[in-house]
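Given the structure is predicted, the values throughout are model-derived calculations rather than measurements. In listed order, ligands and their atoms are each counted from 1.
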Amino acid sequence: MIGKLNHVAIAVPDLEEAAALYRQTLGAQVSETLLQPEHGVKVVFIELPNTKIELLHPLGEKSPIAGFLEKNPTGGIHHVCYEVADIHAAAAKMKLDGKKVLGDIKIGAHGKPVIFLHPKDFNGTLVELEQA
Ligand code: CO
């Protein structure tokens, strides 16, 4: 069912520092900082030949990644995102298999429909499925 790895999202305590690390030390193509208030994050996109890395930093009062950074003050992998052909079919399959879907299908950071799956069902990893 799952297709390509769309991105790996890494929560970081200092977005400028993390962007510089990828740009200068790793020599990656790094975007400007983008504000996504509807998702409660500031994001830097890093384009790799085969996937993307998203550096996430909290934005606003109730950012979904604030708690994660409290528990992981130096940053850490927040979620991985796999592509699926049909988000409704994917959500139905998860529920059928007894996997916890967090919230409803919503429009994700790339303007495409996504769902999130609880880490307890996926080896401690928050999984995002995105309709490609
Ligand atoms: Co994501």
Taking every heavy atom of Leu56 against every heavy atom of His78, the minimum-distance pair comes out as CD1-ND1, 4.2 Å
Quick check: Tyr82 with His7 (ring centres under 6.0 Å apart)? no
Per side-chain hydrogen bond (donor to acceptor under 3.5 Å, both in side chains), Glu130 is matched among Lys4, His110, Lys112 by His110
Between the side chain of Asp86 and the main-chain N/O of His88, is any donor-acceptor distance below 3.5 Å? yes
Just by modelled atom types, is the Pro119 backbone N or O under 3.5 Å from a matching donor or acceptor in the Thr125 side chain? no
Distance filter under 2.8 Å, centred on the Co ion (ligand 1) - protein N, O or S atoms that pass it: His7 NE2, His79 NE2, Glu128 OE1
In terms of heavy-atom contacts, Leu69 and Pro58 come closest through CD1-CD, 3.4 Å
